[in-house]
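Just so we're clear, the structure is a prediction, and the values are computed from it rather than from any experiment.
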Amino acid sequence: MAPSTCWLTETWLLFFSLVMTSTLGVFVTKELRKVPCDVDINVTANTVDFNCMRRGLRKIPDGIFQNVTSLTLIENRITNVSVDSFKDFRNLTYLNLDWMNKDPLVSEWVWNHLRVQLEEAGDKLAPICLEERDWTPGLPVLDNLTQSIYQSRKTVFVLTESYVRSGNFRMAVYLAHQRLLDDNVDVIVLLLLEPVLQQSHFLRLRRRLCRKSILEWPKTPSAEPWFWQCLRNAIRVDNQMMYNKVYARYFSDKAIGGK
């Protein structure tokens, strides 16, 4: 009887396990319908991966399991993120937030228009540094950003409404101004893809100090060749040589050109 009893016990346990797995599968399936992400659950490795890349998200979605181990949120429109946003995910070991404030349309414009005009068309400039192509994988965003700003002739800010509200913009502007303080080198070029910061004291001061370092994307296609030429000039010429003489003495000890 012992072997039969053991066999019956194992059969019951196997049946109970199948019922529990099936029930869990139904529960998980129902819950996942609420989450705009691809989910990979590996029971053997004890990992739960949520991939929410390119979902047009404006906030971290509800329904992410608290036992999530990997979370990818890149290429969305999420602007308000803090440490508390992830405090419930106690098993989280991998979090990818890179590019999360980027507008896909802006990224496409930078790659297909800005890059082509500066690297391939007409009087070619030196290669530009692009986050998607040239940043060091695995290096913290702050380190990559610092290297890019400190090792480049100019830093071109492509400004849109969503970007100027982001923490990435504030951090990049801070680092660019820090280089001005450290090295007396002004690297800022503002490219207004949208009419942003019109009431900003920062933009007003910038216009008075170095008007040629601020460019607005033209409303008519016929003006685009002139825009690209102005951008090339702004990248080539030292900003401090273009400072307005009235304000230059407060910001630079270099020789000053005309207004």
Exercise. Aromatic ring centroids of Trp226 and Trp217 under 6.0 Å?
Worked result: no

Exercise. Okay, side chain of Gln198, backbone of Val196: is any donor-acceptor separation there less than 3.5 Å?
Worked result: yes

Exercise. Under 6.0 Å from the CG atom of Asn46, do we count more than 12 heavy atoms belonging to anything else shown?
Worked result: no

Exercise. If you take all heavy atoms of Phe202 and His177, which pair is closest and at what distance?
Worked result: CE1-CE1, 3.6 Å

Exercise. Hey, is the main chain of Thr136 close enough, under 3.5 Å, to the side chain of Asn144 for a donor-acceptor pair?
Worked result: yes

For this session: Please lay out, stage by stage, how Leu142 and Met171 fare under the test side-chain contact (heavy atoms from CB on, under 4.5 Å).
Result: CA-CA 8 Å; Leu142 180 60; Met171 179 167 61; 3.6 Å; yes

For this session: Indicate, with yes or no, if the rings of Phe65 and Phe50 have centres closer together than 6.0 Å.
Result: yes

Problem set entry | Atom pair CZ/CD1 of Phe89 and Ile64 - distance to nearest 0.5 Å | 4.5 Å

Exercise. Can you get from Leu181 to Leu209 by hopping between Ile, Leu, Val, Met, Phe, Trp and Tyr side chains that sit under 4.5 Å apart?
Worked result: no

For this session: Dump the intermediate steps for side-chain contact (heavy atoms from CB on, under 4.5 Å) on Leu114 and Trp228, then the final yes or no.
Result: CA-CA 9 Å; Leu114 181 66; Trp228 292 119; 3.7 Å; yes

Exercise. Minimum heavy-atom separation for Leu197 to Phe169, with atom names?
Worked result: CD1-CZ, 4.2 Å

Exercise. Do side-chain atoms of Glu119 reach the backbone of Ile128 as a donor and acceptor pair under 3.5 angstrom?
Worked result: yes

Exercise. Can you check whether Trp135 reaches Gln147 side chain to side chain, under 4.5 Å on heavy atoms?
Worked result: no

For this session: Hey, could you give me the CG/SG distance between Leu71 and Cys37, rounded to the nearest 0.5 Å?
Result: 7.0 Å

For this session: Decide whether Asn233 and Gln229 meet the rule of one side-chain donor and one side-chain acceptor closer than 3.5 Å.
Result: yes

Exercise. When clusters are formed by joining ILVMFWY residues with side-chain heavy atoms under 4.5 Å apart, either directly or through shared neighbours, do Phe227 and Val116 land in the same one?
Worked result: no

Exercise. Should we say atom OH of Tyr174 is surrounded by more than 12 heavy atoms from elsewhere, each under 6.0 Å from it?
Worked result: no

Exercise. Looking at CG of Leu191 and OG of Ser213, how far apart are the two atoms once the value is rounded to the nearest 0.5 Å?
Worked result: 11.0 Å

Problem set entry | Flag side-chain contact, heavy atom, 4.5 Å: Trp109 against Leu193 | yes

For this session: Determine the minimum heavy-atom distance between Arg207 and Leu192, stating which atoms define it.
Result: NH2-CD2, 4.3 Å

For this session: Give a yes or no on whether the backbone of Asp40 and the side-chain of Asp38 come within a donor-acceptor separation of less than 3.5 Å.
Result: no

Seminar exercise, completed: dist Leu92:CG -> Asn67:CG (nearest 0.5 Å) comes out at 10.5 Å

Exercise. Taking side chain as C-beta onward, heavy atoms only, is Tyr94 less than 4.5 Å from Asp49?
Worked result: no

Exercise. Does the side chain of Glu120 come within less than 4.5 Å of Arg115's, by heavy atoms?
Worked result: yes

For this session: Would you mind reporting whether Arg133 and Trp111 have side-chain heavy atoms less than 4.5 Å apart?
Result: yes

For this session: First locate atom CD1 of Ile149, then atom OG1 of Thr155, and finally report the distance between them rounded to the nearest 0.5 Å.
Result: 4.5 Å

Seminar exercise, completed: Closest non-hydrogen atoms of Cys52 and Leu73, given as atom of the first, atom of the second and distance, are CB-CD2, 3.8 Å

Problem set entry | Note, Phe157 side chain near Val164 side chain (heavy atom, < 4.5 Å) | no

For this session: Return the minimal non-hydrogen interatomic distance between Leu118 and Arg232, and the atom names on each side.
Result: CD2-CG, 4.1 Å

Problem set entry | Check: Gln199 and Arg204 side chains under 4.5 Å, non-hydrogen atoms | yes

Exercise. Roughly how far, to the nearest 0.5 Å, is CG of Leu130 from OG of Ser148?
Worked result: 9.5 Å

Problem set entry | Smallest separation among heavy atoms of Pro195 and Glu161, with atom names | O-OE2, 4.1 Å

For this session: Without swapping roles, check the side chain of Arg206 against the backbone of Ile188 for a donor-acceptor pair under 3.5 Å.
Result: yes

For this session: Would you mind reporting whether Leu180 and Gln240 have side-chain heavy atoms less than 4.5 Å apart?
Result: yes

Problem set entry | Thr69 (side chain) donor-acceptor with Thr93 (main chain) under 3.5 angstrom | no

Problem set entry | Lys154 (side chain) donor-acceptor with Val237 (main chain) under 3.5 angstrom | yes

Problem set entry | Expected output: side-chain Arg153 to main-chain Arg236 donor-acceptor under 3.5 Å | yes

